[in-house]
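Order of the sequence lines sets the chain letters (A, B, ...), proteins ahead of strands, with each chain counted from 1.
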Amino acid sequence: MKTDDLKLNQIRLAKKVILRGIKKRVRFIAGVDVAVARECLVGCIGIFSFPELKLVEYVKATAPDSMPYVPGFLSYREIPVLIKCYKKIRNKPDLMLVDGQGIAHPRALGLASHLGVLLNTPTIGCAKSRLYGEFVDPNNPRGSCELLRVGDETIGLVLRTRDKTKPLFISPGHLVDFEDCRKYVLSSASRYRIPEPIRFAHKTAGEEARRFNV
DNA sequence: GCGACAG
DNA sequence: ATCTTGTCGC
């Protein structure tokens, strides 16, 4: 499919994104990530208890490498395998932390937002680098935060999760607000820069992808 | 035309 | 993202 059609689809789906605070208490928080093998993609979703952050369950799935990575269209590449993973989960999480952007995207539909809308579940985008928006560097102590913005509009947060390390680019995916983003990302990333649920999913998907290559 | 560009 | 050991800095 052409990127022009994908763009129109992103704009259509972005209208379905809802930004509002999570009302229900979060008991299960998940980390979502995808690794690339030679011939396929490997997805992993790890479900953790909150706020204890103990692993409760995890699922893996594989899917064909159908589309290359194109900046701005990452979700079309990674969503199929993630939908497959989600269906396998027994304890559906109250919130999912996704490796990528939420609404901090040229058409307001990063991977986390796209996934949240399709699954109708709360998601937060946790990216290691910027895709869209302007910002000034947050101060050095952990917890320091700056706004990621486009003109007058705020599209995300640049949050320092560890002293003197590169900040994370956080943005609402779906069914959460900016305050939730700050709160849940900071409370799930204390020992390392990356939130624990995402670190787990990253490591697990990577190990599985490595096996496929052997 | 020239840079920027999640994973 | 991925290829990869030691190593510089806090």
Side chain A:Y76, main chain A:L6, donor-acceptor under 3.5 Å: yes

side-chain contact (heavy atoms from CB on, under 4.5 Å), paired with A:L175, selected from A:T123, A:T121, A:N120, A:L19: A:N120

Axial cation check for A:Y192 ring with A:R199, 6.0 Å and 45° limits: yes

Residues A:D94, A:R25: salt bridge by 4.0 Å N-O rule: no

Paired and unpaired positions of DNA chain B as dot-bracket, Watson-Crick or G-U wobble under 3.5 Å, | denoting a partner strand: .......

Sugar-phosphate only, base, or nothing, as touched by A:A104 at under 4.0 Å among non-hydrogen atoms: nothing

A:D163 side chain vs A:R142 backbone, donor-acceptor pair below 3.5 Å: yes

Ionic contact status for A:E179 with A:R182, cut-off 4.0 Å: no

Residues within residues 140-163 of chain A bordering DNA chain B, heavy-atom distance below 4.0 Å: none

First and last nucleotide of DNA chain C, 5' to 3', lying under 4.0 Å from heavy atoms of chain A: C:dA1 to C:dC10

Contact residues, residues 189-199 of chain A to DNA chain B [heavy atom, < 4.0 Å]: none

Candidate list A:L159, A:V98, A:L97, test side-chain contact (heavy atoms from CB on, under 4.5 Å), partner A:C126, passing option: A:L97

Sugar-phosphate only, base, or nothing, as touched by A:H202 at under 4.0 Å among non-hydrogen atoms: sugar-phosphate

Enclosure of A:R193 CZ (heavy-atom neighbours >12, cutoff 6.0 Å): yes

Test: A:E134 and A:R149 ion pair at under 4.0 Å: no

Separation between CD1 of A:I124 and SG of A:C181, rounded to the nearest 0.5 Å: 4.5 Å

Ring centers of A:F200, A:Y58 separated by less than 6.0 Å: yes

Heavy-atom donor-acceptor pair, A:R160 side chain to A:E146 backbone, under 3.5 Å: no

Any side-chain heavy-atom pair of A:V42 and A:V34 under 4.5 Å: no

Position toward the 5' end of DNA chain C (nearest nucleotide), A:K164 or A:N213: A:N213

Side chains of A:N9 and A:R12, donor plus acceptor under 3.5 Å: yes

Ranges pairing with ranges for DNA chain C, where each run has three or more Watson-Crick or G-U pairs under 3.5 Å: none

Base-contact (B) and sugar-phosphate-only (S) positions in nucleotides 2-7 of chain B, heavy-atom cut-off under 4.0 Å, - elsewhere: --SBBB

Single hit among A:R162, A:H202, A:K128 for side-chain contact (heavy atoms from CB on, under 4.5 Å) with A:I194: A:K128

A:R20 side chain near A:D177 side chain, heavy-atom distance below 4.5 Å: no

Ionic contact status for A:R38 with A:D65, cut-off 4.0 Å: no

Min side-chain heavy-atom separation A:V56-A:F48 under 4.5 Å: no

